[in-house]
Amino acid sequence: RHMFTALCLAALDPARRTVELANAGVCPPMLRRGGEVTELESPGPSLPLGAFPATAYGSREVALEPGDVLVLFTDGMPEAPDRAGAEYGYDALRAFLAALPAETLTAAAIRQALVDEIARFARGSRRQDDMTLVVVKAL
């Protein structure tokens, strides 16, 4: 049986204030800097591990500034459906993250706000996919 798995590897270097990212089939992480949110695409293919033999994955290094918020997540978040079947969406996730008062929130509080926002949108609808979420805030 052919098996594969998705992976986003994030190596934080607090001394250098950087994160190195390599992505294999997971949503591109989002970086909130000030009021702007950008997706952090990795160079090269972003296929899940094991999808094709001998795939060479690239990585990118991102400098982190004080107050930056890095959000790593699986597609279960933006693809969470409401009761009518409409998905939350990547644009809504970016807009919500941009509007958060992240300057006054901890990483844990930002994570909880994102979880609460998806739950509010879904309003008890049946979950279609797993959801994984990691939030890092640079101090």
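If you're wondering where the values come from, they're calculated on a predicted model, not measured in any experiment. Hydrogens, waters and symmetry mates play no part in the numbers below; they use all other heavy atoms, side chains included.
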Would you check if the side chain of S59 reaches a backbone N or O of E20 as a donor-acceptor pair within less than 3.5 Å? no

With rounding to the nearest 0.5 Å, note down the distance linking CD in E87 to CD in E79. 5.0 Å

With a 4.5 Å limit on heavy-atom distance, are the side chains of N23 and C8 in contact? yes

Closest approach of A98 and G35, non-hydrogen atoms and distance? CB-O, 3.4 Å

Do L31 and L9 land in one hydrophobic cluster if side-chain heavy atoms of ILVMFWY residues count as linked below 4.5 Å? no

Report the relative orientation of the aromatic rings in Y88 and F121; use parallel for angles under 30°, tilted for 30 to 60°, perpendicular for over 60°. perpendicular

Which residues end up grouped with L49 if you chain together Ile, Leu, Val, Met, Phe, Trp and Tyr wherever their side-chain heavy atoms are less than 4.5 Å apart? L7, L47, F52, Y57

For A51 against F4, the heavy-atom pair lying closest together: N-CB, 3.9 Å

Kindly say whether G34 contributes a backbone atom to a donor-acceptor pair with the side chain of R32 at under 3.5 angstrom? yes

Are any of the side-chain heavy atoms of V134 and P29 separated by less than 4.5 Å? no

Just how far is it from atom CD of E61 to atom CG of L21, taken to the nearest 0.5 Å? 9.5 Å

Please check: side-chain N/O of R123 versus main-chain N/O of R83, any donor-acceptor pairing under 3.5 Å? no

Go through it in stages, so that I can follow the logic: the residues are D130 and T74, the test is side chain to side chain contact (heavy atoms under 4.5 Å, CB included), and I'd like the CA-CA distance, side-chain angles, deciding distance and then a yes or no. CA-CA 8 Å; D130 65 291; T74 58; 4.0 Å; yes

Which residues share a side-chain contact (heavy atoms from CB on, under 4.5 Å) with A109, sequence neighbours left out: L105, T106

Quick one, V136 and V19 - any side-chain contact, counting heavy atoms below 4.5 Å? no

side-chain contact (heavy atoms from CB on, under 4.5 Å) against E65, all qualifying residues, sequence neighbours excluded: R33, D68

Are M77 and V135 linked, directly or through intermediate hydrophobic residues, by side-chain heavy-atom contacts shorter than 4.5 Å (ILVMFWY only)? yes

Heavy-atom pair of closest approach, residues A6 and G25: CB-O, 3.6 Å

For residues L72 and V26, determine if any side-chain heavy atom of one lies less than 4.5 Å from a side-chain heavy atom of the other. no

In the structure I gave you, are the side-chain heavy atoms of R17 and P66 within less than 4.5 Å of one another anywhere? yes

Could you check if a side-chain atom of R60 sits within less than 4.5 angstrom of a side-chain atom of V62, using non-hydrogen atoms only? yes

Does some side-chain heavy atom of L12 sit less than 4.5 Å from a side-chain heavy atom of L64? yes

Under 4.5 Å between side-chain heavy atoms, hopping through other hydrophobics if needed: is there a path connecting Y90 to L133? yes

When rounded to the nearest 0.5 angstrom, what is the spacing between CD1 in I118 and CZ in F73? 9.5 Å

Show the nearest heavy-atom pair for residues K137 and I110, with the distance to one decimal. CD-CD1, 4.4 Å

Do L114 and L93 have side chains that get closer than 4.5 Å, going by heavy atoms? yes

